[in-house]
There are 2 protein chains.
Amino acid sequence: MCELLAMSANVPTDICFSFSGLMQRGGNTGPHKDGWGVTFYEGKGCRSFKDPMPSAQSPIAELVTKYPMKSEAVVCHIRQANSGAVCLENTHPFVRQMWGKNWTYAHNGQLKDFHKALPIKLHLPIGTTDSEHAFCWILDQLHLEFGAEQPKATVLFSFIAKLSHKIDALGVANIIITDGESLFAYCSNNLHWLTRKAPFGQASLIDAEMAVDFQQETTPNDIVTVIATKPLTDDETWHKMKPTQWQLFCLGELVAGSIEDVNATVPAESSKQ
Amino acid sequence: MCELLAMSANVPTDICFSFSGLMQRGGNTGPHKDGWGVTFYEGKGCRSFKDPMPSAQSPIAELVTKYPMKSEAVVCHIRQANSGAVCLENTHPFVRQMWGKNWTYAHNGQLKDFHKALPIKLHLPIGTTDSEHAFCWILDQLHLEFGAEQPKATVLFSFIAKLSHKIDALGVANIIITDGESLFAYCSNNLHWLTRKAPFGQASLIDAEMAVDFQQETTPNDIVTVIATKPLTDDETWHKMKPTQWQLFCLGELVAGSIEDVNATVPAESSKQ
């Protein structure tokens, strides 16, 4: 399997702290040593850093840890290969263009019979993973459903949630998708999130001897949501998503999702940060 | 204007030496300080490093200089903005997917009236540069001409040469395009290349105090072609391409191009390396 990490924020924010924890799981505190990647959005532009090497030993991962690139949306992935060889074209996140935007996709899980169940016509995969195949299928379906123009976010991501559910039915699919504005998370069996906002507190990584006092690093208006397959800190309260649940974040805030979750978790946690 | 650098090789080869020279022109020995980018292919996969900061001061460029990523095809670009703001979405090279491959595009020059002259329907630009617009137009034209399947390289790149000529007619367009296998260069007014193969010699950068003895760095079977808007070394013989001339390289060797150039330069220079 793999691990996912994503961020949505209302101000350009670096992810050095969370990424420092995650990269340790790529060959050090975790077995996800078959490559890693991260995509940072800056406005409509994005840039990815990828390496088929283990993140814990990667000079590129070290740079990403130390060089604070500030972004409003980030998607990270560390890989433990199960479908497709260990090579660059099979390394997440996958980035493709549609509707004049960069779309980024990362997947944790494993799919069976995906070639047959998810037929593709327009967006052809480059590598051999189930994950890239599923992403291409999603883009094909979006093109067929909505044509040349992107619909409004709630319509679009409700449809993507249905597609995710169909993908999930083929095995396990914890999914992150973003266009840099909206950040969509679908939970198959393993996805957690938290929102950091004022009053900020301290957080300590599980995987490295590192702590940060967000009070010192933020302004009172900052809102930052972090999503991860497994919690990255041991002194914050993470929401555990339920199977088949999806959520949509924009500028750090939860803006749509499966009904039960919106009711259950949004008001409850803001004072615990 | 901008500067271009590209490489085609028959064995995975790093471009640290040439890149070290080029990056100095991004704010140090040259004025191209409005961002830079490089795309490395490894098989069908590719990874890009980009920064809207000047390359001469970029920690990411420093990493690319020091960390030898071995590749059979590379495209680099340093930018001096003339069309579109200085930001990530306007930073070359541009990478998009078609026919199950990654296509990379970089452009030196400036185009007038490109919105009107190069109408786009399918592949919508993300940024505001003339360069990305022209790339999207090329992809649209390829889709219209060849449909769902990539034709053989000579047919494809002869057609791309015609498209490049039409783009060039709007101003200045020195163009590099690659799918990781074939590397295409179109000269508007400023493009040079050389092929390094046995017997190898020494080369010294123009822009930095750096020399390399390729005899020590290669095997006798290595063939590496480097293409640049301006020569990067002062002790090697660079071919200057002629206006409207195009050339196609594969695995380091010239495999097709405008007739006059194939006749004029291929046999002449191999002993001068």
Side-chain angles (χ1 to χ4, degrees), chain A residues 35 37-53 58-64 66-69 71 84-91 94-103 120-129 132-133 135-136 139 143 147-150 179-180, chain B residues 35 37-53 58-64 66-69 71 84-91 94-103 120-129 132-133 135-136 139 143 147-150 179-180:
Chain A
V38 52
T39 300
F40 295 92
Y41 282 80
E42 293 170 31
K44 292 178 77 181
C46 71
R47 52 180 160 183
S48 299
F49 296 81
K50 284 186 172 191
D51 208 340
M53 304 271 292
S58 165
I60 304 171
E62 193 186 349
L63 175 87
V64 172
K66 292 180 179 170
Y67 183 47
M69 281 169 278
S71 181
V86 177
C87 57
L88 200 51
E89 65 263 34
N90 288 341
T91 306
F94 302 102
V95 182
R96 292 186 175 233
Q97 294 75 30
M98 194 166 174
W99 297 321
K101 289 194 176 169
N102 288 301
W103 291 85
I120 284 172
K121 207 171 168 185
L122 301 168
H123 297 84
L124 304 182
I126 293 168
T128 54
T129 61
E132 189 196 14
H133 187 102
F135 180 36
C136 290
L139 293 178
H143 182 82
E149 288 203 17
Q150 182 171 344
D179 64 352
Chain B
V38 53
T39 300
F40 296 90
Y41 281 81
E42 294 171 30
K44 293 177 77 181
C46 71
R47 52 181 160 183
S48 300
F49 296 82
K50 285 185 172 193
D51 208 340
M53 304 270 290
S58 165
I60 305 170
E62 193 186 349
L63 174 87
V64 173
K66 290 180 179 169
Y67 183 47
M69 282 169 275
S71 182
V86 177
C87 58
L88 201 50
E89 64 264 34
N90 289 341
T91 304
F94 302 102
V95 182
R96 289 185 177 236
Q97 295 75 28
M98 192 165 174
W99 297 322
K101 289 194 176 169
N102 287 300
W103 292 86
I120 284 172
K121 205 172 169 184
L122 300 169
H123 298 84
L124 304 181
I126 293 168
T128 54
T129 62
E132 190 196 14
H133 186 101
F135 180 36
C136 290
L139 294 178
H143 182 82
E149 289 205 14
Q150 182 172 344
D179 64 353

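Chain A is the first sequence line, chain B the second, and so forth, proteins listed ahead of strands; every chain is numbered from 1. Quick caveat, the model's predicted, so the values are computed rather than measured.
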Is it the side chain or the backbone of B:P125 that comes within 4.5 Å of chain A heavy atoms, both, or neither? backbone
Quick one, A:Q97 with B:Q97, criterion side-chain contact (heavy atoms from CB on, under 4.5 Å). Give me CA distance, side-chain angles, the key distance, then yes/no. CA-CA 8 Å; A:Q97 294 75 30; B:Q97 295 75 28; 3.6 Å; yes
Measure B:K101 against the heavy atoms of chain A and call it side chain, backbone, both or neither at under 4.5 Å. backbone
Where A:E42 and B:E89 come nearest, the two heavy atoms and their spacing: O-OE1, 3.8 Å
Given that the side chain runs from C-beta out, which part of B:M98 has a heavy atom under 4.5 Å from chain A: side chain, backbone, both or neither? neither
In terms of heavy-atom pairs under 4.5 Å with chain B, which of A:G43, A:C46, A:C87 leads? A:C46
Given heavy-atom pairs under 4.5 angstrom as the criterion, report whether the side chain, backbone, both or neither of B:N90 touches chain A. neither
Quick one: list whatever passes ring-ring contact (aromatic ring centres under 6.0 Å, His included) with B:Y41, sequence neighbours left out. none
With only heavy atoms counted, which part of B:V64 is less than 4.5 Å from chain A, the side chain, the backbone, both or neither? neither
After noting the C-alpha distance and the side-chain angles of A:D51 and B:Y67, does the key distance pass the side-chain contact (heavy atoms from CB on, under 4.5 Å) rule? CA-CA 12 Å; A:D51 208 340; B:Y67 183 47; 3.6 Å; yes
Given B:R47 and A:I60, is the side-chain contact (heavy atoms from CB on, under 4.5 Å) satisfied, shown in steps? CA-CA 12 Å; B:R47 52 181 160 183; A:I60 304 171; 3.5 Å; yes
